[in-house]
Number of protein chains: 2
Amino acid sequence: MKKKIKKTSLADIAKALGVSKTLVSMVLNDKGNENGINADTQKRVWAKARELDYKPNMMARSLRMGRSNTIGLIVADISNIFYARLCRAVEDAASKHSYHVLFSSSDENADKERKLIQTLRERQADGLIISTTLEEKDVDKLHEQNVPFVLVDRFIPNSKTPFVTADNYGGSLALTEHLIKIGIEKIALFTISPSHLTSITERARGYKDALLKHNLPFHPELIREIPYDDIKNSVRRELTRLLRPPHSIHGLFVSNNNIAKATLEILEDLRLRIPRDVSLVCFDDIDMFRHTDPPITAVAQPVERMGQKAVEILLDKLKNGKKARKKDQIFLKTKVIPRRSCGSFLRKS
Amino acid sequence: MKKKIKKTSLADIAKALGVSKTLVSMVLNDKGNENGINADTQKRVWAKARELDYKPNMMARSLRMGRSNTIGLIVADISNIFYARLCRAVEDAASKHSYHVLFSSSDENADKERKLIQTLRERQADGLIISTTLEEKDVDKLHEQNVPFVLVDRFIPNSKTPFVTADNYGGSLALTEHLIKIGIEKIALFTISPSHLTSITERARGYKDALLKHNLPFHPELIREIPYDDIKNSVRRELTRLLRPPHSIHGLFVSNNNIAKATLEILEDLRLRIPRDVSLVCFDDIDMFRHTDPPITAVAQPVERMGQKAVEILLDKLKNGKKARKKDQIFLKTKVIPRRSCGSFLRKS
DNA sequence: ATCTCTTTCTAAAACGTTTAAGCGCGATTG
DNA sequence: CAATCGCGCTTAAACGTTTTAGAAAGAGAT
């Protein structure tokens with residue numbers, strides 16, 4: 001019925017040529033010379049391999065060699081442009097070293113993430129790159145299971161875990177100061193849950209320190225947490241509340257591009273204009289912020305470098321054992337990109 | 001030195017319990033009952049497995065079973081929001097059937113794509129989903145090698161190859177008509193190379209037929225091909241040329257979101273405004289088109305369904321053999337989303 | 001005639017699974 | 001009391017590699 005066409009294996013080539021599998025394997029791995037295989041025999045092997053359209057079976061090879069040349073990558077959501085870029089960077093960097101990448105989206109869900117880690121390990125990923133939503137103790141457990149891994153975008157404070165992240169604190173400080181310098185002082189901050197993520201706490205810390213630095217009052221109730229899975233409704237609720245007394249904010253700092261999108265949408269619904277009714281800044285710049293109405297001031301992260309660095313560190317760990325090194329904890333510089341979403345006048349009056 | 005901690009295998013559990021690997025395997029695969037394994041023994045196996053933190057080695061399993069539960073997915077560029085969404089959809093659909101996805105970006109480069117296909121096959125992907133840039137004969141070759149695969153976004157005309165694509169023709173026809181109805185008649189089309197892709201040729205065909213349908217002149221020289229790897233410069237060149245006599249276009253139809261972005265940028269550079277100086281419409285809607293200045297009229301594609309359907313068809317092929325069926329060639333409905341980038345007045349005068 | 005050294009190649013084990021075939025034994029049947 | 005059956009389990013092969021250890025054969029040395 002359904003004719004199962006067997007793929008050609010080393011054994012097939014060996015049999016066809018009347019030599020051993022060993023020989024064929026050596027030749028096709030370019031170890032023919034170092035094993036003193038006759039040049040002519042080598043040619044015959046190559047020819048036959050081509051003739052039979054031989055393709056090595058990586059599963060068998062990995063099984064035997066105990067390594068798969070695969071990296072597992074876990075991000076919150078690969079359809080978010082930030083992670084999509086990160087994935088691409090990781091893919092490119094990995095493929096330079098002939099590694100492949102197994103992507104997965106965790107949706108910021110710790111359970112799902114744990115399962116994904118498990119699966120990736122079952123699939124014998126040699127190492128993991130994770131934009132983790134886990135807490136310290138989970139990550140410690142990962143260490144015990146001695147899986148080589150590197151965190152991206154977020155990190156675990158006071159831990160030896162290697163990571164590559166943007167300078168979320170510095171970026172947020174600068175971004176908030178940008179608002180303050182323009183004269184905007186009542187600034188709310190929309191963070192995203194789960195809120196223990198350092199990418200988020202650090203942004204909040206930067207925001208707070210900027211206020212303090214400029215002797216402005218810090219009101220904890222101006223920091224609002226937007227749940228990852230209900231962004232639009234939360235933004236609507238918080239925004240309408242904050243824009244009227246007693247808060248009457250003048251500026252809004254949103255912690256990621258998804259919240260920014262929702263904010264634009266809600267403001268439009270409410271017939272409110274940026275920056276007339278509120279100034280907006282966003283952590284994480286995306287292309288289209290240049291073309292929105294108005295263009296949005298944002299902090300740009302070096303996403304591509306982030307991916308590259310993470311791969312670099314991971315592969316280094318894979319090669320040279322896994323002693324933690326200080327220089328494997330990396331903060332990348334960010335950059336404020338001023339655009340027109342902040343007005344340019346003092347509005348305290 | 002670097003202590004290699006062996007992972008626990010079936011054999012370890014078997015030895016610890018004084019039973020055979022077979023038994024352990026059966027129990028852990030939930031085939032204990034159907035193989036009449038004593039309930040108590042089953043419990044002991046599970047307990048020991050947990051105790052030793054057993055994780056099955058999927059490489060070994062795949063090797064033995066001849067299938068990896070992995071789907072290979074090749075797109076042009078995973079950092080393009082369209083493909084990122086597609087990837088996410090494929091990931092979700094696949095994981096529902098406990099398949100994993102191995103993504104790769106081909107950069108619209110046929111050679112790279114061929115290599116990726118090869119690699120994915122070496123890695124024993126059970127099937128492939130490809131947004132292909134290959135030509136018919138390459139795809140035929142793939143068939144011969146009897147790899148199950150499904151094309152997405154693009155298809156091969158007059159071929160039995162299964163595919164899932166948006167109705168590029170219908171969408172483009174409608175989008176062009178949208179312009180025409182507003183009174184815009186001199187419309188240029190920016191396609192993207194490589195231009196043999198049906199996703200592109202179909203869009204051109206829709207554009208042309210819309211003109212003919214409304215008895216408007218069709219000028220082939222108004223169709224400009226923008227190379228994938230040099231979008232910005234080409235757009236600048238073509239745009240400046242087309243906006244002045246003798247062409248003096250009033251409308252511009254761009255074939256994907258990347259070209260739209262570049263167009264927005266260039267127009268800004270040139271101090272030109274949409275729709276005052278030119279009307280703009282885009283095939284493929286992205287979130288941010290709602291918030292650009294002005295919001296951009298676009299054709300939305302059901303990307304998520306596209307991914308789902310592709311997975312569905314592929315998995316069906318994997319299960320039920322590979323006879324080509326008519327209903328495995330799918331065109332998905334698109335939808336014009338009118339926004340303010342087209343003006344709303346007759347401008348022929 | 002034996003020993004040793006190259007050169008070229010091979011046998012067999014190992015990686016961790018799944019699966020086809022079948023074994024030992026007590027209970028049931030005729 | 002022999003034959004049969006079912007239960008609970010095992011043996012061994014197989015998947016396609018890589019790798020370790022060593023073999024066959026001819027050449028040169030003694």
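Letters A, B, ... mirror the listed sequences (proteins, then strands); counts begin at 1.
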List the atom pairs, donor and acceptor, that lie under 3.5 Å between side-chain atoms in residues 68-77 of chain A and the rest of the protein, sequence neighbours left out.
from, atom 1, to, atom 2, distance (Å)
A:Ser68, OG, A:Thr70, N, 3.3
A:Ser68, OG, A:Gln124, O, 2.5
A:Ser68, OG, A:Asp126, OD1, 3.3
A:Thr70, OG1, A:Ser68, O, 3.1
A:Thr70, OG1, B:Arg123, NH1, 2.7
A:Asp77, OD1, A:Ser79, N, 2.9
A:Asp77, OD1, A:Ser79, OG, 2.9
A:Asp77, OD1, B:Arg88, NH1, 2.8
A:Asp77, OD2, A:Ser79, OG, 3.1

Scan the side chains in residues 95-104 of chain A for donor-acceptor partners under 3.5 Å anywhere in the protein, sequence neighbours excluded, and list what turns up.
from, atom 1, to, atom 2, distance (Å)
A:Ser95, OG, A:Asp92, O, 3.3

For A:Thr198, is there any backbone N or O sitting under 3.5 Å from a side-chain donor or acceptor partner on A:Arg154? no
Has A:Ser62 got a side-chain atom pairing as donor or acceptor with A:Met58's backbone, closer than 3.5 angstrom? yes
Report the distance from atom CG of B:Asn57 to atom C1' of D:dT17, rounded to the nearest whole Å. 14 Å
If I take atom CG in residue B:Asn33 and atom P in nucleotide D:dG6, what distance separates them, rounded to the nearest angstrom? 18 Å
How would you label the contact of B:Gly18 with the nucleic acid (heavy atoms, under 4.0 Å): base, sugar-phosphate, or nothing? sugar-phosphate
Quick one: A:Met26 CE to C:dA11 C1', roughly how many Å, whole number? 12 Å
Rounded to whole Å, please give me the gap between CG in A:Leu10 and P in D:dT19. 12 Å
Nucleic acid contacts - residues 34-42 of chain A versus DNA chain D, non-hydrogen atoms under 4.0 Å: none
Which nucleotide in the set D:dA13, D:dT18, D:dT19 lies at the smallest distance from any side-chain heavy atom of A:Ser25? D:dT18
Looking at every heavy atom in both B:Lys317 and B:Pro162, which two are closest together, and how far apart are they? NZ-CG, 3.9 Å
Short side-chain N/O contact from B:Arg61 to OP1 or OP2 of C:dG16, under 4.0 Å: no
Please give, in whole Å, the distance from C:dT17 C1' to B:Lys15 NZ? 16 Å
Whole Å only: how far is the CG atom of A:Leu63 from the C1' atom of D:dT19? 14 Å
On a plain distance test, is the side chain of B:Thr22 in donor-acceptor contact with the base of C:dT18 below 3.5 Å? no
Could a donor-acceptor pair under 3.5 angstrom be found where the side chain of A:Lys21 meets the base of D:dT18? no
Donor-acceptor pair, distance only, cut-off 3.5 Å: does the side chain of A:Ser105 make one with the backbone of A:Asp107? no
Would you say the side chains of B:Glu122 and B:Gln118 form a donor-acceptor pair under 3.5 Å? yes
Please state how far atom CZ in B:Arg64 lies from atom C1' in C:dT19, giving the value in whole angstrom units. 5 Å
Atom-to-atom span, CD1 of B:Ile13 to P of D:dC9 - whole angstrom: 16 Å
